[in-house]
Colleague: 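Encoded as structure tokens, here's the structure I'll be asking about.
The chains referred to below are lettered A, B, ... by the order of the sequence lines, with proteins before strands, and numbering in each begins at 1.
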Amino acid sequence: MKRTATLDELAALVGGKVEGDGALRIRGISSLEEAGEGEITFLAELKHRARLEKTRASAAIVPLNLPPFPRPLIRTPNPYLAYAKVQAFFQSREGHPRGVDPRAFVGQGVQIGRDVSIFPFVFVGDGCELGDRVTLYPGVCLGESVRVGEDSILYPNVVVMDRCLVGKRVILHPGTVIGSDGFGFARDGARYVKIPQVGIVVIEDDVEMGANCAVDRAAMGKTWIQRGVKVDNLVQIGHNVTVGEDTLLVAQVGIAGSTRIGNRVVLGGQVGVVGHVQIGDGVMIGAQAGVGQDADPGQILSGSPAFPHREWLRAQAAFRKLPEMKRALDELERRMKELEKAVSGQRSAVSEDWEKE
Amino acid sequence: MKRTATLDELAALVGGKVEGDGALRIRGISSLEEAGEGEITFLAELKHRARLEKTRASAAIVPLNLPPFPRPLIRTPNPYLAYAKVQAFFQSREGHPRGVDPRAFVGQGVQIGRDVSIFPFVFVGDGCELGDRVTLYPGVCLGESVRVGEDSILYPNVVVMDRCLVGKRVILHPGTVIGSDGFGFARDGARYVKIPQVGIVVIEDDVEMGANCAVDRAAMGKTWIQRGVKVDNLVQIGHNVTVGEDTLLVAQVGIAGSTRIGNRVVLGGQVGVVGHVQIGDGVMIGAQAGVGQDADPGQILSGSPAFPHREWLRAQAAFRKLPEMKRALDELERRMKELEKAVSGQRSAVSEDWEKE
Amino acid sequence: MKRTATLDELAALVGGKVEGDGALRIRGISSLEEAGEGEITFLAELKHRARLEKTRASAAIVPLNLPPFPRPLIRTPNPYLAYAKVQAFFQSREGHPRGVDPRAFVGQGVQIGRDVSIFPFVFVGDGCELGDRVTLYPGVCLGESVRVGEDSILYPNVVVMDRCLVGKRVILHPGTVIGSDGFGFARDGARYVKIPQVGIVVIEDDVEMGANCAVDRAAMGKTWIQRGVKVDNLVQIGHNVTVGEDTLLVAQVGIAGSTRIGNRVVLGGQVGVVGHVQIGDGVMIGAQAGVGQDADPGQILSGSPAFPHREWLRAQAAFRKLPEMKRALDELERRMKELEKAVSGQRSAVSEDWEKE
């Protein structure tokens, strides 16, 4: 059954202030264009105000500085954040947990919390521990002795290999692999011998990872995804990497082994970071950049190899004009020769003058 | 049982013209080198004609302008296209559909068309609709209320999440994920709060997507892959992206949220496109390029950031010569100084001349 | 049960020489910092010698040239390789094979060797052949007539499509797809018609591939991964590609169709190689490079498009200084103009001199 709430209740949820009828009952939230009767909408930025005029929504979440508007309102400093919270409220289902489906496989010595949902064709290896309200969708495979914290959701075909630890409220999207072997080999003449990867992966609370990512287990010790990290799709994280709290990794990023990414870092799409470097807190790396060395906290870098973004912008602008620069250089060269000739001619002329005298 | 056909039947299939015995029975098609007795081969381009001489094939599909050749022929303007059609004919099996395997899980209220093949360990969520002759290979997982159109093939471990729509004759290769959550978060101080992704993915008819791709569901509304789009492996498509008809996305392309790709566009391998831009119809983007802004229809772009391909070729050529340019510049600088000195010396000399007079 | 060994036995395993009590019983191997009583450790390089002083390990594997050290030692030219072998020894379990789980699906005419481990929810298509001691983890799907050689391990959700061949001692990490269709289409006006991909993939002995990779089957013939190739995560290998023996492909590499990679090549992370080129034996390509043409054996290349690494280093260094070069060029231009003016002024002056005479 769909949930509903009064305007007052939603304002309390988002920490906002009601203008108008607080008892108004709301049954959903949608965009300015799509919201209808009985729904609330939101205006993320004042500049889109014209679109608010035409909405058919019964109420709106708006910025603090919106001029008076003839509809019930919730005013808040961050309407986008308020939208996230209200939408989450309306999306949450009161539905019954599924329990453990008889078509799932559960190994020996597995501990399972309350109100879990374990779908058909899930494999839970020996010695796993699942917290309360964990959801494992079809095709999820947990190796031996994996721990998954309460309220975590593992979408279809997620794989977590032996002994890896997944925190609370973690979301892993379909096809993501946690704890595959790191890429480690020792040379034996012309051939390679596998270095056994005996470490684990630790994923802390409130991490979300997209679809078809790969996070390798450590050679020894742990690969470590810290609290609140958000990872997009198809991201590669090598063995023994640390990713600091509240860091964002955009799609198709690759991080090589033993690198340490700080807190609140943002790596743009398709960025690559070499192994064994340290990226400081708050660093931002532009899309497709290639980071080959340490980055101090707060730096903004672009390019492959990456260097400070502002310098890169100027170098890149000059790059486009390279053919022009080349022509200018050749032209200068030509003029230089001419001038050198002229000057040496004059020099003779001047000498002659002298001689004549 | 393998199919066979007469030369006349194959010519009708590809819209070609027979030379020689149209009643000749053919049992397969293969390359110039590998085709044998009873098989037909094809010559895609006239320049490979020498290889035709040695073929052991009993017949050949050839371009219109091939000089007379002493073997039964089908002449056609596009032998490569004809090959595709003939090979498809010989590959198609008359085999019986499997029906719904009892080891598959089918939820409540699911509608299933005729002659489907649903393999073991397939999960079909409540309220799904499957068209006639749909094939779901092992490990495929459909969330709730997913629709899959007739003749579509979902290879092993493909995941389609709740409410997403898949058209007719769609092919999704193994491990591809449709409808994972988009990468959307609102900041709440230093932390991120998830924006619920309540939209869907729509995949229209005749789309083919490679292995281990990820297509995110829309935040609101739809992520939209239009008719005839062909996608290679490991491609990332963000939430609310539109990909226009008959567009090609080569392997490892990444497209960020809300971007609109036009019709008949080609994005080369590993290309990245930022969010919220528009790529016009017929645009071609070179491999590894990074597109940071709108592209007008028909443009050819390369580089990261991308700009017109011809300019980029020249800039790139100059880039390789940068160290040389740098030396030339330093050398000019040196000559300039010398010349300036010489000229200022002459100036004194000339002045002296004047003074003497 | 955990294995143990004497120092003498371990020395024999790695081809090293014992110093001290060869009868000492060892129960595991770990890093200098983490190894404890009863364990052996290893010193990979002499420069980390200070860390050896503090280890609590009962013995150590050390380079030949380490000065005398008061603990039982195994001396060997390559301690890192010795670590790999000793760790593999301690990790190998004597555990019983699982056999074929009744919840797995095994098709008709399947041949299965001795001591295999086939987990629940594995699908083995008709006519497959599995060698001795093969392990198929949950969710693995083999199409029809797939062959997997002895001692190979296919991790959860690996897919190997029809007729592909996997050698001995091959390791495929979770989610990797072998034998999806290559990306091949013929144009038919504005639309694309699928070219049936009727070839296979051959993976030779001792290959290891990471998680969520994709290797396409050949259009005709074979896509060929030769003996000893090691592939990291999320790598794309197009149809009809050949990858030579003992080659390394780092994460997120993409190789387009029909390209031939030689033996002992190293492609860095996120490298892209276009189709139909040849990369010679022993070539090394730097991370994120884009290879657009053949590369001679032994070359080291970087950049996109790639050219010799040393040249690229210089070009890249100059690239960062482009804005400076631009300014220097403009400044030279200015000085040139001034000088030209000055010289032409003198020329007049000199002429006047002449005229006066």
Colleague: With only heavy atoms counted, which part of C:Met220 is less than 4.5 Å from chain B, the side chain, the backbone, both or neither?
Modeller: side chain
Colleague: Is it the side chain or the backbone of C:Val274 that comes within 4.5 Å of chain B heavy atoms, both, or neither?
Modeller: neither
Colleague: I'd like to know which of C:Asp216, C:Leu234, C:Leu329 tops the heavy-atom pair count under 4.5 Å against chain B.
Modeller: C:Asp216
Colleague: Let me know if C:Val273 has heavy atoms under 4.5 Å from chain B in its side chain, its backbone, both or neither.
Modeller: neither
Colleague: Give, as side chain, backbone, both or neither, the part of C:Val160 having an atom under 4.5 angstrom from any heavy atom of chain B.
Modeller: neither
Colleague: Out of C:Val215, C:Val193, C:Asp181, which one racks up the most heavy-atom pairs below 4.5 Å with chain B?
Modeller: C:Asp181
Colleague: Kindly indicate whether the side chain of B:Tyr80, heavy atoms from C-beta on, has any atom under 4.5 Å from the side chain of C:Phe185.
Modeller: no
Colleague: B:Tyr83: what forms a ring-ring contact (aromatic ring centres under 6.0 Å, His included) with it, not counting sequence neighbours?
Modeller: B:Phe42
Colleague: Please flag which part of B:Gln87 lies under 4.5 Å from any non-hydrogen atom of chain C: side chain, backbone, both or neither.
Modeller: both
Colleague: Is chain C contacted by the side chain of B:Ser30, its backbone, both, or neither, given a heavy-atom distance below 4.5 Å?
Modeller: both
Colleague: Answer with side chain, backbone, both or neither: which region of C:Val253 has an atom nearer than 4.5 Å to a non-hydrogen atom of chain B?
Modeller: backbone
Colleague: Quick check on B:Glu340 against chain C: is it the side chain, the backbone, both or neither that has a heavy atom closer than 4.5 Å?
Modeller: both
Colleague: Under the rule for salt bridge (Lys or Arg N to Asp or Glu O under 4.0 Å), what residues qualify as partners of B:Glu204, not counting sequence neighbours?
Modeller: none
Colleague: Where on C:Met336 is there a heavy atom nearer than 4.5 Å to chain B: the side chain, the backbone, both, or neither?
Modeller: both
Colleague: Check B:Gln288 against C:Gln270 and note the closest heavy-atom contact, atom names and distance.
Modeller: NE2-O, 3.7 Å
Colleague: Are C:Arg191 and B:Asp206 within salt-bridge range, i.e. N to O under 4.0 Å?
Modeller: no
Colleague: Tell me the closest heavy-atom pair linking B:Val343 and C:Ala342, and the distance in Å.
Modeller: CG1-CB, 4.3 Å
Colleague: Relative to chain C, which of B:Ala82, B:Ala211, B:Pro138, B:Gly303 shows the most heavy atom pairs under 4.5 Å?
Modeller: B:Pro138
Colleague: Does the pair B:Glu333 and C:Arg335 meet the rule for a salt bridge (charged side-chain N to carboxylate O under 4.0 Å, His left out), with working shown?
Modeller: CA-CA 10 Å; B:Glu333 183 107 27; C:Arg335 282 158 68 185; 3.2 Å; yes
Colleague: At a heavy-atom distance under 4.5 Å, which candidate from C:Glu331, C:Lys194, C:Lys321 has the highest pair count against chain B?
Modeller: C:Lys194
Colleague: Looking at C:Ala328, C:Gly125, C:Ala190, which one has more heavy-atom pairs under 4.5 Å with chain B than the rest?
Modeller: C:Ala190
